[in-house]
2 protein chains.
Amino acid sequence: MKTADISLTICSYTHVLEIISNKWTALVIYALEDGTIRYGEIKNRIEGISQKMLTQTLKQLERDGLVSRKVTPKVPPIVEYTLTSLGESLIPHMRMLKEWAAAHYAQVALAREEYDASFNQTPIE
Amino acid sequence: MKTADISLTICSYTHVLEIISNKWTALVIYALEDGTIRYGEIKNRIEGISQKMLTQTLKQLERDGLVSRKVTPKVPPIVEYTLTSLGESLIPHMRMLKEWAAAHYAQVALAREEYDASFNQTPIE
DNA sequence: CCGAATCCACCTTGATACTG
DNA sequence: CAGTATCAAGGTGGATTCGG
């Protein structure tokens with residue numbers, strides 16, 4: 001008998017989220033959209049990211065095969081990052097989500113305000 | 001002078017992720033795809049979810065205006081959930097991501113194996 | 001039947017300091 | 001320049017228990 005037909009481990013959607021739902025991942029991918037770019041340049045482009053988080057995010061993207069890393073061992077070292085074709089194939093889908101957000105996020109924000117207001121109108125005293 | 005052109009707070013993409021990137025959110029939305037459904041039925045459909053997480057996820061979805069909640073105050077109480085039109089408008093985009101995952105996740109898994117293997121081949125002793 | 005409240009383990013993030 | 005190491009702090013998910 002089948003009681004549960006939705007499984008976390010099977011759902012492929014959650015696998016994508018696993019990849020792109022970290023705090024900085026999407027922004028790093030955006031920074032890479034224009035082509036090959038150096039580590040420091042990414043850091044300059046993304047407001048508020050720390051070295052640790054940028055390094056960690058890039059490493060994860062590299063592990064997932066979405067980004068390739070090229071080191072030029074000079075002094076000072078040059079490390080460049082590029083989206084792989086796999087990484088590029090994900091961009092259109094991210095754009096669609098972004099467009100959904102642009103079109104509907106105001107509704108979400110409004111819904112949140114109304115929801116929160118329905119509690120605040122009955123304060124404790 | 002403009003130094004950082006990618007901002008976390010401005011990027012609308014991150015706003016969507018904020019909504020749907022929780023561990024259970026996507027699965028709950030899937031459970032609601034077929035139409036109105038009761039709390040207990042959702043819980044049965046989703047493998048491994050706890051009451052706490054289901055309640056929390058539904059509350060958040062309701063706050064975001066993606067799901068509507070209808071209580072029938074009987075004994076025992078009946079609580080039904082339905083996707084709003086806003087919630088339904090998000091489904092096609094989620095499906096696209098899911099299709100990307102189905103098509104490309106094997107590549108990601110392979111990339112991870114290779115990446116991890118490149119470290120394990122030089123163990124400590 | 002539906003959900004709130006508590007406690008707890010884990011993971012993620014971030015600040016800071018150091019290396020080649 | 002491009003990282004790594006360490007530590008502190010907050011958030012998140014889960015087990016359990018209680019309530020209407």
Side-chain angles (χ1 to χ4, degrees), chain A residues 3-4 6-9 11 14 17-28 31-32 36-64 67-82 115 118-119 122 124, chain B residues 3-4 7-9 14 17-28 31-32 36-64 67-82 115 119 124:
Chain A
T3 55
I6 300 180
S7 162
L8 185 66
T9 54
C11 176
T14 58
L17 289 180
E18 202 178 285
I19 297 173
I20 58 170
S21 73
N22 291 327
K23 186 172 181 183
W24 300 105
T25 307
L27 303 189
V28 170
L32 291 165
T36 300
I37 184 176
R38 293 184 60 174
Y39 179 91
E41 187 59 23
I42 304 177
K43 187 156 176 5
N44 288 335
R45 290 256 280 258
I46 303 179
E47 184 186 309
I49 195 168
S50 63
Q51 306 104 311
K52 178 183 169 179
M53 280 304 110
L54 179 52
T55 301
Q56 187 174 304
T57 304
L58 284 168
K59 198 180 285 182
Q60 188 201 310
L61 286 170
E62 194 197 352
R63 185 174 109 100
D64 289 341
V67 161
S68 67
R69 180 174 184 267
K70 183 192 169 197
V71 182
T72 307
K74 293 184 178 175
V75 178
I78 297 174
V79 183
E80 290 167 317
Y81 292 91
T82 315
Y115 186 91
S118 69
F119 288 104
T122 48
I124 297 173
Chain B
T3 54
S7 162
L8 185 67
T9 54
T14 57
L17 289 180
E18 202 178 282
I19 298 174
I20 58 170
S21 73
N22 292 328
K23 185 171 179 180
W24 299 104
T25 307
L27 303 188
V28 170
L32 291 166
T36 300
I37 185 177
R38 293 185 59 175
Y39 179 91
E41 188 58 24
I42 304 176
K43 187 156 174 7
N44 287 336
R45 288 256 280 259
I46 303 179
E47 185 186 309
I49 195 168
S50 63
Q51 305 103 313
K52 176 185 171 180
M53 281 303 109
L54 179 53
T55 301
Q56 186 174 304
T57 304
L58 284 167
K59 196 180 288 181
Q60 188 200 311
L61 285 170
E62 195 197 353
R63 185 173 108 98
D64 289 341
V67 160
S68 69
R69 180 173 185 267
K70 183 191 170 198
V71 183
T72 306
K74 293 182 177 174
V75 179
I78 298 174
V79 185
E80 291 167 316
Y81 293 90
T82 316
Y115 185 92
F119 289 105
I124 298 174

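Chain letters run A, B, ... following the sequence lines, proteins first, then strands; residues in each count from 1. Every heavy atom of this structure was used, including side-chain atoms; hydrogens, water molecules and symmetry mates were not.
In the set D:dG13, C:dG14, C:dG3, the nucleotide with an atom closest to the side chain of A:Lys23 is C:dG14.
The residue A:Lys43 sits apart from the nucleic acid: no heavy atom pair falls under 4.0 Å.
For the pair A:Ser50 and A:Pro77, nearest-nucleotide mapping onto DNA chain C gives the more 5' position to A:Ser50. Between A:Glu41 and B:Ile49, the residue whose closest nucleotide on DNA chain D is further toward the 5' end is A:Glu41.
Using a 4.5 Å heavy-atom cutoff, the side chains of B:Leu58 and B:Tyr39 are in contact. Contact of the B:Asn44 side chain with the B:Glu41 side chain is registered, since non-hydrogen atoms from C-beta on lie closer than 4.5 Å. For the pair B:Leu27 and B:Ile49, the minimum side-chain heavy-atom distance is 4.5 Å or more.
As a whole-Å value, the separation of A:Tyr81 OH from D:dA2 P is 8 Å. Following rounding to the nearest Å, A:Met53 (CE) and D:dG3 (C1') show an atom-to-atom distance of 13 Å. Between the CH2 atom of A:Trp24 and the P atom of C:dG14 there is a distance of 6 Å, given to the nearest Å. As rounded to whole Å, 14 Å separates atom P of D:dG11 from atom CD of B:Gln60. For the pair B:Ile37 CD1 and C:dC1 P, the computed distance is 15 Å after rounding to whole Å. Taking atom CD of B:Gln56 as the reference point, atom C1' of C:dG3 lies 12 Å away to the nearest angstrom. Atom CG in A:Leu54 sits about 17 Å away from atom P in C:dT12, given to the nearest Å. We find that CZ of A:Arg69 is positioned 16 Å from P of D:dC1, with the value rounded to whole Å.
Listed for the B:Thr72 side chain is no donor-acceptor partner under 3.5 Å among the backbone atoms of B:Lys74. Of the possible donor and acceptor atoms, one in the side chain of A:Thr14 sits under 3.5 Å from a partner among the backbone N and O of A:Leu8.
Taking side-chain N and O atoms only, A:Arg38 has no distance below 4.0 Å to OP1 or OP2 of D:dG3.
When each of A:Leu32, A:Thr82, A:Thr57 is paired with A:Val67, the side chain to side chain contact (heavy atoms under 4.5 Å, CB included) condition holds for A:Leu32 and for no other.
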I'd like a list of close polar pairs between nucleotides 4-8 of chain D and the protein, N/O only, cut-off under 3.5 Å.
{"from": "D:dT4", "atom 1": "OP1", "to": "A:Lys59", "atom 2": "NZ", "distance (Å)": "3.4"}
{"from": "D:dT4", "atom 1": "OP2", "to": "A:Lys59", "atom 2": "NZ", "distance (Å)": "3.4"}

With a cut-off of 3.5 Å and sequence neighbours excluded, list every side-chain donor-acceptor pair involving residues 18-25 of chain B.
{"from": "B:Glu18", "atom 1": "OE2", "to": "A:Arg112", "atom 2": "NH1", "distance (Å)": "3.4"}
{"from": "B:Ser21", "atom 1": "OG", "to": "B:Leu17", "atom 2": "O", "distance (Å)": "2.7"}
{"from": "B:Asn22", "atom 1": "ND2", "to": "B:Gln60", "atom 2": "OE1", "distance (Å)": "2.6"}

